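In what follows, a structure is listed as structure tokens, so that the remarks can point back to it.
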Amino acid sequence: MVEPLLQVKGVSKHFGGFTALAGVSLEIAPGERFGLIGPNGSGKTTLINCISGALRNESGSIRFKGSEISRLPAYRRTRLGIARSFQIPRPFRTMSVLENLLVPFAYVGHLRDSEGEAKAMEILADMGLADKAQGLASQLSQVELRKLELARAMAAKPRLLISDEAMAGLAGAEVDEVLKILFDLNAKGITIIMIEHIMQAVMRFSQRVVCLDAGKIICEGTPTEIVGNPEVQKAYLGA
């Protein structure tokens with residue numbers, strides 16, 4: 001039996017009197033395409049913040065590649081192989097697209113000068129941004145900014161990529177572009193957690209989906225099972 005890449009067991013998180021996560025448990029296999037959905041306020045962002053290290057869970061366990069990481073700072077989790085993109089891209093706008101990648105390469109990959117530049121150009125080519133390498137990040141379109149955000153995450157050489165709303169605000173053809181990139185990354189062996197409000201995109205991409213509501217898992221299954229689940233329908237549409 002293959003050991004899970006990521007194991008979350010009984011994870012809880014509170015903000016004052018508000019329970020954001022209430023004993024959440026899940027496992028993600030190496031190479032899996034995993035979807036995480038739920039209405040606003042369901043706990044999705046809190047969960048991925050606990051996994052990536054932006055927040056500390058108050059109880060429960062988070063294990064990555066068999067090792068407990070709950071108390072590790074975010075930068076150490078990144079160096080172990082957990083990377084994430086953010087819903088709102090915040091590139092270094094006065095730097096070139098290439099320079100935006102050289103920063104995480106130097107920080108996480110310890111690659112500088114010609115070696116780092118060559119690796120950065122490989123990633124930009126994978127993202128369809130090679131011809132934008134010398135241009136300023138401030139000149140990129142919305143879909144190009146999303147691609148740069150994914151590229152910066154890939155500079156950390158992750159085993160696990162958390163894609164947080166990478167398609168928010170994009171048109172249909174642009175969604176297809178980002179989906180293709182994610183499929184290609186997964187084909188190279190990268191495990192991906194997709195958090196996305198565009199339900200069609202999640203269902204197309206994911207092999208397995210978990211739905212959160214009020215800090216608890218209310219359903220887990222294949223995309224077909226999730227779409228037809230009454231509890232999921234109630235969470236999104238109301239009683």
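These numbers were taken from a predicted model, which means no experiment stands behind them.
Nearest heavy atom pair, residue Ala201 against residue Leu179, reads O-CD2, 4.0 Å. Residues Ala130 and Ala125 approach most closely at CB-CA, 4.0 Å, considering heavy atoms. For the pair Leu145 and Pro91, the tightest heavy-atom approach, listed with the atom from each and the gap, is CD2-CG, 3.8 Å. In plain terms, the two heavy atoms of Ser42 and Asp213 that are nearest each other are CB-CA, 3.9 Å. Leu101 and Ala120 make their closest contact through CD2-O, 3.5 Å (heavy atoms, listed as atom of the first residue, atom of the second, distance). Taking both residues in full, the closest heavy atoms of Ser12 and Gly23 are given as OG-N, 2.9 Å, listed atom of the first, atom of the second, then distance.
Within a 6.0 Å sphere centred on CD of Gln200, other residues, nucleotides and ligands contribute 12 heavy atoms or fewer. Within 6.0 Å of CZ in Arg56 there are more than 12 heavy atoms belonging to other residues, nucleotides or ligands. More than 12 heavy atoms of other shown residues, nucleotides or ligands fall within 6.0 angstrom of atom CZ in Arg71.
With hydrophobic clusters built from ILVMFWY side chains whose heavy atoms lie under 4.5 angstrom apart, Leu80 does not share a cluster with Tyr75. Ile48 and Ile190 are assigned to two separate hydrophobic clusters, defined by single-linkage of ILVMFWY side chains at heavy-atom distances under 4.5 Å. Linking Ile, Leu, Val, Met, Phe, Trp and Tyr whenever their side-chain heavy atoms come within less than 4.5 Å leaves Leu160 and Ile192 in two separate clusters. Transitive grouping of hydrophobic side chains (ILVMFWY, heavy atoms separated by less than 4.5 Å) keeps Met199 and Ile217 in distinct clusters. Leu182 is not connected to Ile82 by any chain of hydrophobic side-chain contacts under 4.5 Å among Ile, Leu, Val, Met, Phe, Trp and Tyr, and they are in different clusters.
Judged by distance alone, with hydrogens and angles left aside, the side-chain atoms of Ser206 form no donor-acceptor pair with the main-chain N or O of Met203 at under 3.5 Å. No side-chain donor-acceptor contact under 3.5 Å links Thr19 to the backbone of Ala22. Arg77 contributes a side-chain N or O that, together with a main-chain N or O of Leu72, makes up a donor-acceptor pair within less than 3.5 Å. In terms of modelled atom types and a separation under 3.5 Å, the side chain of Gln233 and the main chain of Pro230 share no donor-acceptor contact.
Remark: Thr46 OG1 to Lys13 NZ distance equals 8.5 Å, nearest 0.5 Å. Summarising the geometry, atom CG belonging to Asn100 is positioned 14.0 Å from atom CZ belonging to Arg90; distances are rounded to the nearest 0.5 Å. Atom CE of Met154 is separated from atom NZ of Lys147 by 15.5 Å, given to the nearest 0.5 angstrom. With rounding to the nearest 0.5 Å, the separation of CE in Met194 from CD in Glu165 is 10.0 Å. Separating the CD1 atom in Ile123 from the NZ atom in Lys157 is a distance of 9.5 Å, to the nearest 0.5 Å. Within the model, atoms CD1 of Ile37 and CD1 of Ile218 stand 8.0 Å from one another, a figure rounded to the nearest 0.5 Å.
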### Message
Determine whether Lys119 and Leu124 satisfy the following criterion, side chain to side chain contact (heavy atoms under 4.5 Å, CB included), listing intermediate values before the conclusion.
### Response
CA-CA 9 Å; Lys119 291 290 186 181; Leu124 290 178; over 6 Å; no
### Task
Let me see the working for Glu196 and Phe205 under side chain to side chain contact (heavy atoms under 4.5 Å, CB included), right down to the final yes or no.
CA-CA 11 Å; Glu196 189 61 60; Phe205 180 78; over 6 Å; no
### Task
Go through the steps to decide whether Leu212 and Leu36 satisfy the test side chain to side chain contact (heavy atoms under 4.5 Å, CB included), and finish with yes or no.
CA-CA 8 Å; Leu212 284 176; Leu36 181 62; 4.1 Å; yes
### Query
Can you list the steps and then say if Ile62 with Cys50 is a side chain to side chain contact (heavy atoms under 4.5 Å, CB included)?
CA-CA 8 Å; Ile62 301 173; Cys50 287; 4.1 Å; yes
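In this structure, Lys44 does not pair ionically with Asp164, as no charged nitrogen and carboxylate oxygen lie closer than 4.0 Å. No salt bridge links Lys9 with Glu27; every basic N to acidic carboxylate O contact stays at or beyond 4.0 Å. Salt bridge Asp184/Lys188: absent, no basic N to carboxylate O contact under 4.0 Å. A salt bridge does not link Arg146 with Glu149: every distance from a Lys NZ or Arg NE/NH1/NH2 to an Asp or Glu carboxylate oxygen is 4.0 Å or more. By the 4.0 Å N-to-carboxylate-O rule, Arg204 lies close enough to Asp176 to be salt-bridged with it.
No side-chain heavy atom of Thr191 sits less than 4.5 Å from a side-chain heavy atom of Leu161. Between Val97 and Gln134, the closest side-chain pair of non-hydrogen atoms is not below 4.5 Å. At least one side-chain heavy atom of Ser61 sits under 4.5 Å from a side-chain heavy atom of Glu68. Under the 4.5 Å side-chain criterion, counting only non-hydrogen atoms from C-beta, Val8 is in contact with Ile51. The shortest distance between side-chain heavy atoms of Leu140 and Lys132 falls below 4.5 Å. Within the 4.5 Å cutoff, no side-chain heavy atoms of Arg63 are placed close to those of Leu6. No side-chain heavy atom of Ile181 sits less than 4.5 Å from a side-chain heavy atom of Asp126. Glu58 places none of its side-chain heavy atoms less than 4.5 Å from the side chain of Val11.
Under a cutoff of 6.0 Å and an axis angle of 45°, Arg84 and Phe86 form a cation-pi pair. Under the 6.0 Å distance and 45° angle rule, Arg33 does not count as a cation-pi partner of Phe183.
The hydrophobic cluster around Phe18 extends to Phe15, Leu55, counting ILVMFWY residues whose side-chain heavy atoms fall within less than 4.5 Å of a member.
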